[in-house]
Amino acid sequence: DIDEKSLREQGHWPWPRWKLSDMLNKLAEMQVAVVGFDVVFAENEVNPAVELSRFLDDIPGHYDGQLIGGLNELAPSVNPDEVFATSVSASPVVLGYLFSSDTDVPVGMLPASLDLKDVPELPLLERKSFVANLDELQSVALGGGFFSVQPDGDGVIRRAPLIARHKGQLYPSLSLEVARVY
């Protein structure tokens, strides 16, 4: 859980992807059945080798090209997104995403929709947009599910949908997808 205790022990959120990767690797060693992330990884994490290379390159005459070249060679092996994607691909992971009824431009990659045949038309709200995970993360996860909810008019959340519609396709909630993967 990302709670007060874990924030005191691990530091402020968001945690670096290498830390999440270590967590997934330990959970895999313990043979966890499935891990669901109710957070969205919609943006790349900064690659420290690339950042340091850019920083040094901006200081004229102080660093030779060999150091910067070495950092650029190192960059792929310390890419936080690739390190995390490797752990996600080796673990039973379901990534979460958000649906929106707004007309914002979609972000990220949606997982595959549900393959439901011969289902009567369900009275579901059409979700116009989404904020989902980076392609390189979602493509290696076992699944994905939305965790967006819509409060009633008084601001209280009384219902959480298990299925949502987007562009005529049906998508599972995070809890339903975690149960399916399990």
Side-chain angles (χ1 to χ4, degrees), residues 1-17 19-24 26-28 30 32-46 80-81 84-85 87-88 91-182:
D1 278 339
I2 304 167
D3 56 12
E4 292 304 318
K5 180 182 179 208
S6 62
L7 292 172
R8 277 192 306 276
E9 292 173 1
Q10 301 298 320
H12 67 85
W13 182 261
W15 295 331
R17 304 254 163 98
K19 189 174 283 199
L20 296 173
S21 181
D22 283 349
M23 179 189 71
L24 276 179
K26 288 174 184 167
L27 289 169
M30 293 186 279
V32 66
V34 64
V35 176
F37 280 97
D38 60 349
V39 295
V40 180
F41 302 100
E43 297 177 346
N44 293 99
E45 185 171 309
V46 173
D81 297 321
F84 187 49
S87 295
V88 168
S91 304
V93 172
V94 175
L95 296 176
Y97 59 92
L98 298 166
F99 269 132
S100 171
S101 295
D102 299 333
T103 57
D104 294 331
V105 176
V107 174
M109 174 186 179
L110 277 180
S113 61
L114 292 171
D115 186 22
L116 299 176
K117 301 198 183 336
D118 302 321
V119 175
E121 186 65 27
L122 299 171
L124 302 171
L125 288 175
E126 177 74 23
R127 303 299 179 183
K128 293 184 173 93
S129 189
F130 57 86
V131 176
N133 297 287
L134 296 167
D135 295 7
E136 66 235 62
L137 297 176
Q138 188 60 64
S139 65
V140 297
L142 287 181
F146 67 90
F147 59 94
S148 34
V149 293
Q150 192 167 359
D152 289 341
D154 60 2
V156 176
I157 297 171
R158 293 184 178 88
R159 291 173 284 287
L162 288 176
I163 299 174
R165 185 186 324 279
H166 174 70
K167 294 190 174 182
Q169 300 294 309
L170 300 179
Y171 293 88
S173 66
L174 181 61
S175 56
L176 183 62
E177 185 66 358
V178 165
R180 185 196 68 79
V181 168
Y182 176 76

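Basis for what follows: all heavy atoms, side chains included, without hydrogens, waters or symmetry-related copies. Everything quoted here is computed from the prediction, not taken from an experiment.
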Go through it in stages, so that I can follow the logic: the residues are Leu98 and Phe147, the test is side chain to side chain contact (heavy atoms under 4.5 Å, CB included), and I'd like the CA-CA distance, side-chain angles, deciding distance and then a yes or no.
CA-CA 6 Å; Leu98 298 166; Phe147 59 94; 3.5 Å; yes

Report all side-chain donor-acceptor pairs from residues 173-182 shorter than 3.5 Å, counting only partners two or more places apart or in another chain.
from	atom 1	to	atom 2	distance (Å)
Ser173	OG	Ser175	OG	3.2
Ser173	OG	Leu176	N	3.2
Glu177	OE1	Arg180	NE	2.9
Glu177	OE2	Arg180	NE	3.3
Glu177	OE2	Arg180	NH2	2.8

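Here the closest non-hydrogen pair linking Pro111 and Gln138 is CB-NE2, 3.6 Å. Of all heavy-atom pairs spanning Gly144 and Pro172, the tightest one is O-CG, 3.8 Å. Between Trp13 and Val39, the shortest heavy-atom distance links the atoms CZ2-CG1, 3.7 Å. Nearest heavy-atom pair across Leu24 and Ser91 is O-OG, 3.8 Å. Looking at every heavy atom in both residues, Tyr97 comes nearest to Ala132 through CB-CA, 3.7 Å. Taking every heavy atom of both residues into account, Val156 and Asp154 meet most closely at N-OD1, 3.1 Å.
Evaluation of the side chain to side chain donor-acceptor pair (under 3.5 Å) test over residues 34-44, restricted to residues two or more places apart or in two chains, returns Asn44-Asp81.
For the atom pair CD1 (Ile2) and CG (Leu20), the distance works out to 7.5 Å, reported to the nearest 0.5 Å. The line from CD of Glu126 to NZ of Lys167 is 9.5 Å long, rounded to the nearest 0.5 Å.
A search for side chain to side chain donor-acceptor pair (under 3.5 Å) contacts involving Ser113 returns Gln169, not counting sequence neighbours. When the salt bridge (charged side-chain N to carboxylate O under 4.0 Å, His left out) test is applied to Arg8, no partner is found at least two apart in sequence or on another chain. Asp152 is linked by a salt bridge (charged side-chain N to carboxylate O under 4.0 Å, His left out) to Arg158, Arg159, counting only residues two or more places apart in sequence or in another chain. Listed by chain and residue number, Phe41, Phe84 satisfy the ring pair (Phe, Tyr, Trp, His ring centres under 6.0 Å) test with Phe37 (two or more places apart in sequence, or in another chain).
A centroid separation of 6.0 Å or more is found between the aromatic rings of Phe130 and Tyr171.
Side-chain atoms of Leu170 and Leu124, non-hydrogen and from C-beta on, do get closer than 4.5 Å to each other. Counting only heavy atoms from C-beta outward, the side chains of Leu7 and Trp15 approach each other to under 4.5 Å.
Between the Asn133 side chain and the Gly108 main chain, no donor and acceptor come within less than 3.5 Å of each other.
More than 12 heavy atoms of other shown residues, nucleotides or ligands fall within 6.0 angstrom of atom CD in Glu9. Residue Lys19 qualifies as enclosed at atom NZ: its count of foreign heavy atoms under 6.0 Å is above 12.
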